[in-house]
**Q** 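Below: one structure in structure tokens.
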Amino acid sequence: MPETYSFPKVLIAGGAGYIGSHTAKLFYQAGIVPVVLDNLSTGNRAALRFGPFYEGSIADSRLIGRISEQHQPIGAILFAGAAYVGESTENPRKYFRNNVSDSICFLDAIVDAGIRRVVFSSSCCVYGNVQESISIREDRATAPLSPYGETKLFLEKVLRWYGSAYGLQSICLRYFNAAGADTEGELGELHDPETHLIPLAIQAALGGKPLRIFGTDYATPDGTAIRDYTHVTDLADGHLRALKHLLDGGESLTLNLGTGIGHSVRQVIRAVEQQAGLAVPINYGPRRDGDAPALVADPSRAREVLGWVPEYSSLETIVSTAWRWYREVDRASHCARAVAN
Ligand code: UDP
């Protein structure tokens, strides 16, 4: 890495994860050095390429105090947390501990360190079981269906009170479906276990387990659920714009990050088949617990306030970048197996 110490820095908690690492790269390219704090419980060490790294917990206030003193970050981004909706219903204590208690420790530590701007990873899960097919605005009533969604909504509320009491300005970004991979092929999605549609469809095309479609009886044109797939680099760009908004003296906000365009499970599968030139073997299962028929953002507020316009979020670009990443991961693991044998 070149000499970076004259550049401004941002503290990124969870910067080794999927969205966190793409965001770290974008900040680095924008001349803001990402200082990453991550416990590597789900993060990926290989994604740590863009600035100083500290392995540790977001609840470690002494560590956060030390990092802040050394690097004087101009703001913080909070990604770290557990993020499986299904797991959260089976193991809610993990979610309330990581995403609520530990996250509050993090906020306390940054407030104590004098940091006054934070961008928070929230989720469209806060909206709950949306039945109507219109796109969702931020002022829609919230009613999370899972402990995961509850924790995100709770942190949004904490941030509002921390704003009025401690002057901690915040932007809560409610992501729709993060998807795709770095357009330069450097970063991508590596979850264990993998539960997301696009990686599972790609793995199925590459000879993995057939993809199970959860529900074909939704009131949608082809009977499968509709989601708003948003490229991870576009989401990363939302964080950069959000922090700049706060640095420019902008007010605290809650914003959707989504494209406003929905795609069904079957449309996604077709896009993967076209990209791969291979069939995606499928089978059918019942609806997954807690899945809404259609979740599509109204992203107009993010466009108006941040000038955020997704650039890479066509389904074609999402699938082609994800495909490239998986082909590389697949190749690398084949090589590793060949060497081991
Ligand atoms: N989905 C599916 N089979 C899978 C994984 C997902 O049919 O193996 C569906 C899921 O029910 C949802 C959509 O694909 O309608 C997107 O799911 P994903 O888990 O990728 O994201 P989520 O919307 O749950 O955040």
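Just so you know, ligand 1 is whichever comes first in the structure, and atom 1 is the first atom listed for that ligand.
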**Q** Does a donor on one side chain and an acceptor on the other come within less than 3.5 Å for T259 and Y229?
**A**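 Absent: no donor and acceptor within the cut-off.
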**Q** Just by distance, with hydrogens left out, do Y312 and D237 show a side-chain donor and acceptor under 3.5 Å apart?
**A**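 No - no donor-acceptor pair under 3.5 Å links their side chains.
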**Q** Under 4.5 Å side-chain heavy-atom separation, chaining through any Ile, Leu, Val, Met, Phe, Trp or Tyr, what else clusters with Y148? Say none if it is isolated.
**A**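 Under the 4.5 Å side-chain rule, Y148 groups with Y84, V85, Y95.
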**Q** Below 4.0 Å from any atom of ligand 1, which residues have a heavy atom? Give them in chain and number order, please.
**A**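 Correct list: N177, T195, H196, L197, L200, L211, R212, I213, F214, A225, R227, Y229, V265, R288, D291.
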**Q** Kindly write out the residues that satisfy side chain to side chain contact (heavy atoms under 4.5 Å, CB included) with T42, not counting sequence neighbours, or none if the list is empty.
**A**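 Listed in chain order: nothing, the list is empty.
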**Q** Let me have the donor-acceptor pairs involving side chains of residues 266-273, under 3.5 Å, with sequence neighbours excluded, atom names and distances please.
**A**
residue, atom, partner, partner atom, Å
Q267, OE1, S264, N, 2.8
E273, OE2, V280, N, 2.7

**Q** Would you please test Q70 and Y54 for side-chain contact (heavy atoms from CB on, under 4.5 Å) and show each step?
**A** CA-CA 12 Å; Q70 183 174 347; Y54 294 83; 3.3 Å; yes
